[in-house]
Amino acid sequence: MEALGYSAADFYYLLPELIITGGALLVLLVNVLVPRRGDLLFGLSLATLILSGLVLASFAGVDTYISRGLLAIDGFALFFKAIFLVSAALTLMMSAPYLRVEGVPAAEYYFLILCATLGMMFMASGVDLITLFIGLETMAIAFYVLAGYLKPSHKSNEAAVKYFLLGAFSLGILLYGMSLLYGATGTTRLDGIAAALVGQDRSLLLAAALILLAAGMGFKIAAVPFHMWAPDVYEGAPTPVTAFLSVGSKAASFAMLLRIFVEGLGVLTPDWQVVFAFLAVVTMTVGNIAAITQSNMKRMLAYSSIAHAGYVLIGVVAATERGVVAALVYLWVYLFMQLGAFAVITMLRRRDVVGDELKDLSGLFARAPVAAIAMLLFMLSLGGIPPTAGFMGKVWVFGAAIDQGFIWLAVVGVVNSAISLYYYLRVVVFMFFKDEEAAGSEIVIGPAMAATLTVAVVGTILFGIYPQMLFEQAQAVAGSLGSAVTAAALQ
Amino acid sequence: MDAFVFYLLATLILGLGIMVITARNAVHSVLFLVLNFLLVAILYVTLSAQFVAVIQVLVYAGGIVVLYLFVVMLVSLKKAPELRSDSRRVGRTGLLLAGVVLAELIAIVWFTSASSGAPPAQAAADFPPRLASDAMLNTERLGWVLYTEYLIPFEVASMLLLVAMIGAIVLAKKNL
């Protein structure tokens with residue numbers, strides 16, 4: 001192996017990914033070999049994620065390249081991998097009761113969730129266009145299938161087909177951008193690209209590559225005007241999958257976006273800042289305004305998630321270490337509030353009712369006070385009201401923008417937050433002040449769901465009151481992004 | 001000269017691409033796609049990417065398009081007009097094509113048995129692994145790069161294919 005340029009360290013640092021792979025395969029095997037499975041598959045999948053997380057935690061402070069420089073094991077990668085593992089674990093926990101109600105097979109579902117997580121981990125670690133692309137594709141294919149997992153449901157079928165067609169199209173655009181970038185620089189390594197771009201004239205080729213890459217990534221993070229798929233897919237997909245899609249997939253795409261643009265195209269920062277500033281403004285505005293008119297909770301949260309991608313983009317536009325920190329913090333905070341909100345909607349799915357319409361929430365406080373209070377917290381956090389985590393995330397993002405002289409961008413962001421309060425608070429009105437009880441049987445909060453809600457609530461409150469811990473972590477890792485070449489060139 | 005060939009090929013490829021999406025008949029559309037793939041393969045050859053060219057012909061022009069044809073015929077959009085035409089003519093064309101394939105197979109057997117003398121001693125001498133170098137042939141070099149430098153992405157791609165396979169089964173099978 002040594003002769004081929006690999007050492008034991010390469011595989012040691014791949015352990016979290018290897019564990020996920022092994023766990024995913026084991027889930028399939030157990031499904032076939034063990035007759036009375038019960039909750040075994042669920043436990044196995046969760047144990048896989050936890051084990052992988054423990055190994056990951058032991059890598060804290062590592063900063064190295066493995067696999068002949070194709071993968072980076074640095075703070076940035078670990079930070080994002082932690083997001084993926086936590087969101088995957090929470091998704092699994094809210095899935096278990098949901099799958100029983102829907103009556104769909106569990107083994108393949110868990111397998112696909114684990115494989116999507118695997119793809120995301122490579123997206124966070126990859127420092128080579130090929131690795132990044134393979135990771136993205138692994139995640140995307142798992143999600144295409146997961147979106148269509150409820151086969152009898154026409155909405156779910158529609159979601160899968162739409163996501164697949166538009167996803168394939170956008171991947172084509174992304175690949176085209178990558179190939180042009182390869183043509184302009186002669187390498188697929190991000191550090192090589194950064195080095196090749198220093199002192200290079202802005203050519204038409206480079207401009208085309210930049211725009212195509214931005215469009216391809218824009219689709220993945222559901223930024224306007226590449227967001228058309230999001231509402232339909234979010235509405236049709238099984239609710240826990242929607243949750244994972246809006247948190248995990250989005251975070252992974254942001255990881256890839258930051259890697260490509262900050263680390264690879266750092267020299268072109270002034271050029272792509274303009275592109276992303278424009279995207280951030282339209283994404284926030286269109287997302288928030290469209291969310292106002294929605295009567296379906298999943299659609300509403302889809303538009304809200306589009307708007308939140310806009311807030312994170314502000315952090316990307318700021319493009320300094322502070323901006324990256326803001327984006328990282330925001331993605332963590334967003335994980336808890338968004339997954340929490342989806343957990344409540346998942347809970348409303350019972351045998352006799354789908355439960356994803358706004359009116360299904362009416363009188364929720366009377367029927368399930370705990371769920372209603374948790375939902376209140378998530379809505380306030382999504383709207384950015386102190387002392388929740390969402391407020392701290394927004395403060396940091398807007399602060400980074402002002403710091404970099406993008407005051408107008410911060411103003412647009414604040415105005416948008418104000419708009420968003422309208423539809424978040426409407427949910428609260430429905431839950432607390434509507435007297436008529438929604439249809440459907442009693443709402444049961446099982447142990448797995450209770451655990452999910454607890455984690456989400458604790459995260460939302462903890463990072464709202466005591467955000468320093470998260471900031472310090474993000475600050476420690478943001479420095480590992482970006483290449484020395486770029487830093488020198490920008491001086 | 002190179003530029004001329006490139007622009008000629010590019011024009012033809014784009015033209016065929018337009019034909020693919022404008023053809024009324026789905027079968028014609030797929031056949032235009034085959035031509036398109038073949039021309040792209042020639043483009044790869046002009047770029048000295050012979051291996052990619054061969055793969056392009058084998059996988060895309062060969063495998064993928066056959067799948068497309070299956071799908072087109074299974075969903076039976078509109079019946080292709082020439083399928084209803086003179087069955088004798090179709091039979092004769094079929095016979096002709098069968099003859100061509102037979103001749104091809106005989107030629108392959110003939111030439112390979114004539115040229116294969118002693119087993120290639122060269123390969124054995126090369127056995128101690130080398131890293132990719134400029135002296136290697138196109139395919140050999142590609143193989144080295146793929147299985148050394150890009151080993152991890154290659155392995156991840158195998159997981160990707162497994163996901164796609166499981167996914168196809170999940171979506172297509174009535175009861176799991």
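Quick note on labels: first sequence line is chain A, next is B, and so on, each numbered from 1.
For A/Thr188, the side chain to side chain donor-acceptor pair (under 3.5 Å) criterion is met by A/Asp128, B/Tyr150, not counting sequence neighbours. Take A/Tyr12 and apply the ring-ring contact (aromatic ring centres under 6.0 Å, His included) test, not counting sequence neighbours, and it matches A/Phe59.
Contacts of residues 19-27 of chain A with chain B at a heavy-atom distance below 4.5 Å involve A/Thr21, A/Leu25, listed in sequence order.
Under a cut-off of 6.0 angstrom, the local environment of CZ in A/Phe42 is crowded, with over 12 non-hydrogen atoms contributed by other residues, nucleotides or ligands. More than 12 heavy atoms of other residues, nucleotides or ligands lie within 6.0 Å of CG in B/Leu97, so this atom counts as buried by the packing criterion.
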Would you be so kind as to tabulate the donor-acceptor pairs closer than 3.5 Å made by side chains of residues 118-127 of chain A, with sequence neighbours excluded?
from: A/Ser125; atom 1: OG; to: A/Ala72; atom 2: O; distance (Å): 2.9
from: A/Ser125; atom 1: OG; to: A/Lys81; atom 2: NZ; distance (Å): 2.8

Open item on the list: Let's go through A/Thr131 and B/Ile152 carefully: what are the C-alpha distance in whole Å and the side-chain angles of both, what is the deciding distance for side-chain contact (heavy atoms from CB on, under 4.5 Å) to 0.1 Å, and is it a yes or a no?
Closed with: CA-CA 8 Å; A/Thr131 322; B/Ile152 303 292; 5.8 Å; no

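Heavy-atom pairs under 4.5 Å with chain B peak, among A/Asn157, A/Leu71, A/Ile134, at A/Ile134.
Looking at A/Leu70, the atoms closer than 4.5 Å to chain B (heavy atoms on both sides) all sit in the side chain, from C-beta outward. Contacts of A/Tyr109 with chain B are absent, with no heavy-atom separation under 4.5 Å from either backbone or side chain.
A/Arg68 is listed as a side-chain neighbour of B/Thr148, based on a closest heavy-atom distance under 4.5 Å. Contact annotation: the side chain of A/Ile141 approaches that of B/Leu160 to within less than 4.5 Å [non-hydrogen atoms, C-beta and beyond].
Distance check: A/Glu108 CD to B/Lys173 NZ gives 9.5 Å after rounding to the nearest 0.5 Å. Taken to the nearest 0.5 Å, the SG atom of A/Cys115 stands 6.5 Å off from the CG atom of B/Leu162.
Looking at A/Lys151, its side chain never comes within 3.5 Å of a backbone N or O of B/Ala172 through a donor-acceptor pair.
Across all non-hydrogen atoms, the minimal contact from B/Pro153 to A/Ile130 is CB-CG2, 4.3 Å.
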